[in-house]
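Sequential numbering from 1 along the given sequence is applied to the chain's residues.
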Amino acid sequence: MNIEEILDDMDDLLDRSRPIPFAAHKAVIDADRMRELLNSAHLNIPAEIKRAKLIDSDCDRIINEAREKAESIIQDAETRASRMISEQAILQEAKKRALDMLTKAQNGSNDIKDAAEKYVNRLLDEAQDYFRNNLQEVQQTKDKINSVKK
């Protein structure tokens, strides 16, 4: 069952509700059925949001791996450089390469993180718009029901 079907069922549940005497804007509904529908809605959150969360966690993992790799590269460069201390030029070149690699790894991880954050924000904005629109439809239906009862 998708979100739209669940919202339709909620709407039907409201349509079948009985008005409370002396309170036309209030009605008695089947609370257990409403809870089931709400639980179904929670379980059927669009897959894009779940994917966005996975992408976000993958981004963090990639950043950590890049950081570890960069640290490992620096460590390797420093070890080799210390063995060749007598040749100053080789030591300087190793440090320069390690720093270049670290900079590239950090820039790459920042780019990945930025792209993932933009993607997640876009998906969350879309989900928010989707739910806002459906909530407006539910409110409009509710208003129509209430106006008919008056």
Side-chain angles (χ1 to χ4, degrees), residues 1-81 92-150:
M1 185 179 286
N2 65 35
I3 295 293
E4 289 183 28
E5 291 170 343
I6 294 168
L7 291 172
D8 288 341
D9 286 350
M10 287 179 177
D11 192 34
D12 290 342
L13 185 62
L14 286 172
D15 288 341
R16 288 183 272 126
S17 66
R18 293 176 307 201
I20 295 176
F22 307 111
H25 65 282
K26 294 184 181 181
V28 176
I29 64 167
D30 181 351
D32 290 336
R33 180 66 181 141
M34 182 59 80
R35 179 67 58 207
E36 287 175 17
L37 293 171
L38 288 170
N39 287 338
S40 291
H42 286 295
L43 293 174
N44 286 294
I45 291 176
E48 291 83 10
I49 293 174
K50 292 176 184 174
R51 278 198 345 238
K53 289 180 182 178
L54 287 174
I55 289 170
D56 187 45
S57 67
D58 282 347
C59 179
D60 289 341
R61 181 186 53 79
I62 290 168
I63 289 169
N64 288 334
E65 287 175 2
R67 185 174 288 123
E68 289 172 8
K69 186 174 181 178
E71 289 171 0
S72 173
I73 290 169
I74 289 172
Q75 211 169 27
D76 289 346
E78 288 175 351
T79 302
R80 279 186 274 140
Q92 290 175 351
E93 183 63 28
K95 284 184 179 180
K96 181 180 180 270
R97 285 184 184 179
L99 184 58
D100 289 345
M101 289 179 185
L102 175 61
T103 301
K104 287 178 184 177
Q106 288 173 338
N107 290 339
S109 69
N110 289 339
D111 291 345
I112 290 170
K113 184 176 180 183
D114 290 342
E117 286 176 356
K118 287 177 185 175
Y119 180 71
V120 168
N121 283 331
R122 183 179 58 79
L123 289 176
L124 291 174
D125 287 343
E126 290 173 5
Q128 184 179 20
D129 290 342
Y130 176 81
F131 285 114
R132 183 181 298 121
N133 290 338
N134 286 323
L135 182 60
Q136 287 174 351
E137 290 177 18
V138 169
Q139 184 63 46
Q140 289 170 356
T141 303
K142 186 177 169 185
D143 291 342
K144 286 178 185 176
I145 291 169
N146 289 334
S147 70
V148 169
K149 291 180 183 180
K150 290 182 180 180

Pairing residues for [X] by the salt bridge (charged side-chain N to carboxylate O under 4.0 Å, His left out) criterion, not counting sequence neighbours:
X: Glu68; answer: none
X: Glu71; answer: none
X: Asp129; answer: Arg132
X: Glu78; answer: none

Residue pair Val138 / Asp11, side-chain heavy-atom distance below 4.5 Å: no

Asp100 vs Lys96 side-chain heavy atoms within contact, under 4.5 Å: yes

What is the distance from atom [atom1] of [X] to atom [atom2] of [Y], rounded to the nearest 0.5 Å?
X: Ser40; Y: Met10; atom1: OG; atom2: CE; answer: 8.0 Å
X: Leu54; Y: Cys59; atom1: CG; atom2: SG; answer: 12.5 Å
X: Asn134; Y: Asp8; atom1: CG; atom2: CG; answer: 9.0 Å
X: Ile63; Y: Gln106; atom1: CD1; atom2: CD; answer: 11.0 Å
X: Leu123; Y: Asp56; atom1: CG; atom2: CG; answer: 11.0 Å
X: Asp111; Y: Lys104; atom1: CG; atom2: NZ; answer: 13.5 Å

Test side-chain contact (heavy atoms from CB on, under 4.5 Å) on Asn64 and Arg67; report intermediate values, then the result. CA-CA 5 Å; Asn64 288 334; Arg67 185 174 288 123; 3.5 Å; yes

Taking only residues two or more places apart in sequence or in another chain, which ones pass side chain to side chain donor-acceptor pair (under 3.5 Å) with [X]?
X: Arg97; value: Glu93
X: Gln92; value: none
X: Gln128; value: none

For the residue pair [X] and [Y], what are the closest heavy atoms and their distance?
X: Ser17; Y: Ile29; value: CB-CG2, 3.5 Å
X: Ile6; Y: Leu37; value: CG2-O, 3.2 Å
X: Ile55; Y: Ala116; value: CG2-CB, 3.8 Å
X: Ala70; Y: Leu102; value: CB-CD1, 3.1 Å

Only pairs at least two apart or in different chains count here, so list each salt bridge (Lys or Arg N to Asp or Glu O under 4.0 Å) that has a residue in residues 136-147. none

Write out all pairs satisfying salt bridge (Lys or Arg N to Asp or Glu O under 4.0 Å) with one or both partners inside residues 19-41, taking only residues at least two apart or from two chains. Asp9-Arg33, Arg33-Glu36

Report the residues that fulfil side-chain contact (heavy atoms from CB on, under 4.5 Å) with [X], sequence neighbours left out, ordered by chain and then residue number.
X: Arg61; value: Asp58, Glu65
X: Glu117; value: Lys113, Asp114
X: Leu124; value: Ile49, Val120

